[in-house]
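Proteins get letters first, then strands, A, B, ... in listed order; numbering begins at 1 in each. Just so it is clear, the values below take in all heavy atoms, side chains as well, and ignore hydrogens, waters and symmetry mates.
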Protein chains: 2
Amino acid sequence: MNISDFLMSLVSFSKDELNDILNHFEKESVLKNEVLVQQGDICNYLYYVEQGMGRSYYLNESGREITQWFFGVGKFMTSADSFFQKSPSLYYLEVLEDSVLYRISKSNIDKLFEKYPKMEKLGRLASIEMLTRVVNKLNAIQFQTAKERYDYMLAEFPDIVYQVPLGHIASYLGMSQETLSRIRKNEPKIM
Amino acid sequence: MNISDFLMSLVSFSKDELNDILNHFEKESVLKNEVLVQQGDICNYLYYVEQGMGRSYYLNESGREITQWFFGVGKFMTSADSFFQKSPSLYYLEVLEDSVLYRISKSNIDKLFEKYPKMEKLGRLASIEMLTRVVNKLNAIQFQTAKERYDYMLAEFPDIVYQVPLGHIASYLGMSQETLSRIRKNEPKIM
DNA sequence: ATGTTTTTTTGATATATGTCAAAAGGAAAT
DNA sequence: ATTTCCTTTTGACATATATCAAAAAAACAT
């Protein structure tokens, strides 16, 4: 989904407005496994994923990677807290495939917020949408068995679930990769 | 914290703006254990908690109450999805103490969003703040032991943790109340 | 104060899932 | 094609936490 259509699907901008807004973004092509943000750095950009996919993750005490979120096509990807508060990021941000992104800096997005009230609305809608998704995951994680959590994953990220290493999904779902492997064995896989 | 100070702490409104905004809210005093929203109903209001506290919860398959969130003084309380999408609420909303609330209807808040771009900003900021909190909880729930989750609770809801039934906290933290009881036994309680 | 209900604690036991280690399978590189 | 590296699977065993049941404590009502 291209970025214009995506923006317009949330708020209807005039042609001029849309063009002005798009001019605050920069298009960027990045290769598989490229790291956009390091843990501890400030995340300077909000990225729109036009093609490809990414994830955020952190290293736990044992130094193991824990996937925190997946970002598919047509989504905003960022280390939200870091980006909005200009605080050190708790997460790494990386792309998992060759991807096409549109990025916008904090100062540019703030300019847009000032200039266009509709942008505030867009920000509000995008935040609430993300909030809903996180709440969904929370409910899955908190009260469901490993098997049920995997079902949640299939529903929430159908496009992603068969394209990334099993270990990434396991850590995202809060289970060991051995457990996920055993679950998959019993899952009647439709292909 | 009274509602005016709260609003002004997020966005600075003029005196007239603030008064107009406040006129869209209704003050309401409710007694302990009163249920504001039933599961399946539409949540028609967003509540600001000036005094007291509340929680959202749902009934799981076994009919047991699962606390989903606590809302303390100075917070907005609502069944977010239901309120914003006018969809049936997945949760009950109840107050856990005699409380003083300010409520605003969906149509009124939409009027304010239309009238004041600053309100969009307020909505965006409040959503992002909530998002951050939910992400925090998610991280606590997903990768921490029962003991560590209780520590998270102490940090996130210091004012609430000793004032509500242990069972509510246990279900909020995704553990049995027996487990929480055993954890508390070993927690050096400062009083 | 006394009885009744609700909440919390304690003990015994069960189980889902984690951890560790090694084998198998696939992908990438020479 | 072979080698090397990375990912996934399998097996054996350990353990945190759930569940069930009952006692103790606290809160509430008459």
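- For Gln163(B) and dA26(D), the CD to P distance is 18 Å, given to the nearest whole Å.
- Considering only residues two or more places apart in sequence or on other chains, Glu50(A) meets the side-chain contact (heavy atoms from CB on, under 4.5 Å) condition with Asn2(A), Ile3(A), Tyr48(A), Val100(A), Tyr102(A).
- Distance Ile183(A) CD1 to dT8(D) C1': 14 Å, rounded to the nearest Å.
- Residues Tyr47(A) and Phe71(A) keep their aromatic ring centres 6.0 Å or farther apart.
- Using a cut-off of 4.0 Å between Lys/Arg side-chain N and Asp/Glu carboxylate O, Glu156(A) and Lys137(A) are scored as not salt-bridged.
- Here the P atom of nucleotide dC6(D) and the NE2 atom of His168(A) are 13 Å apart, to the nearest Å.
- Partners of Phe83(B) under the ring pair (Phe, Tyr, Trp, His ring centres under 6.0 Å) rule, at least two apart in sequence or in another chain, do not exist in this structure.
- Annotation for Tyr57(A): hydrophobic cluster partners, listed by chain and number, are Val35(A), Leu59(A), Tyr92(A) (ILVMFWY side-chain heavy atoms under 4.5 Å, direct or chained).
- No more than 12 heavy-atom neighbours from other residues, nucleotides or ligands sit within 6.0 angstrom of NZ on Lys121(A).
- Following rounding to the nearest Å, Gln142(A) (CD) and dA18(D) (P) show an atom-to-atom distance of 11 Å.
- Ion pairing between a basic and an acidic side chain is recognised when a charged N comes within 4.0 Å of a carboxylate O; Arg133(A) and Glu129(A) show such pairing.
- Relative to the axis of its first five pairs, the axis of the last five pairs of the helix from dA1(C)-dT30(D) to dT30(C)-dA1(D) sits at 50°, rounded to 10 degrees.
- Residue Tyr150(A) contributes atom OH, which lies 13 Å from atom C1' of dT8(D) at whole-angstrom precision.
- For Asn33(B) and dA27(D), the CG to C1' distance is 13 Å, given to the nearest whole Å.
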Expected string for nucleotides 11-30 of chain C under the B/S/- scheme (protein heavy atoms, under 4.0 Å, primed atoms plus P, OP1, OP2 as sugar-phosphate) is BB----SSBBB---------
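- Listed for the Asp98(B) side chain is no donor-acceptor partner under 3.5 Å among the backbone atoms of Leu31(B).
- Here the C1' atom of nucleotide dT7(D) and the CG atom of Leu96(A) are 15 Å apart, to the nearest Å.
- In this structure, CD of Glu65(A) is placed 13 Å from C1' of dC6(D), rounded to the nearest angstrom.
- Sequence neighbours left out, not one pair with a member in residues 157-177 of chain A passes salt bridge (Lys or Arg N to Asp or Glu O under 4.0 Å).
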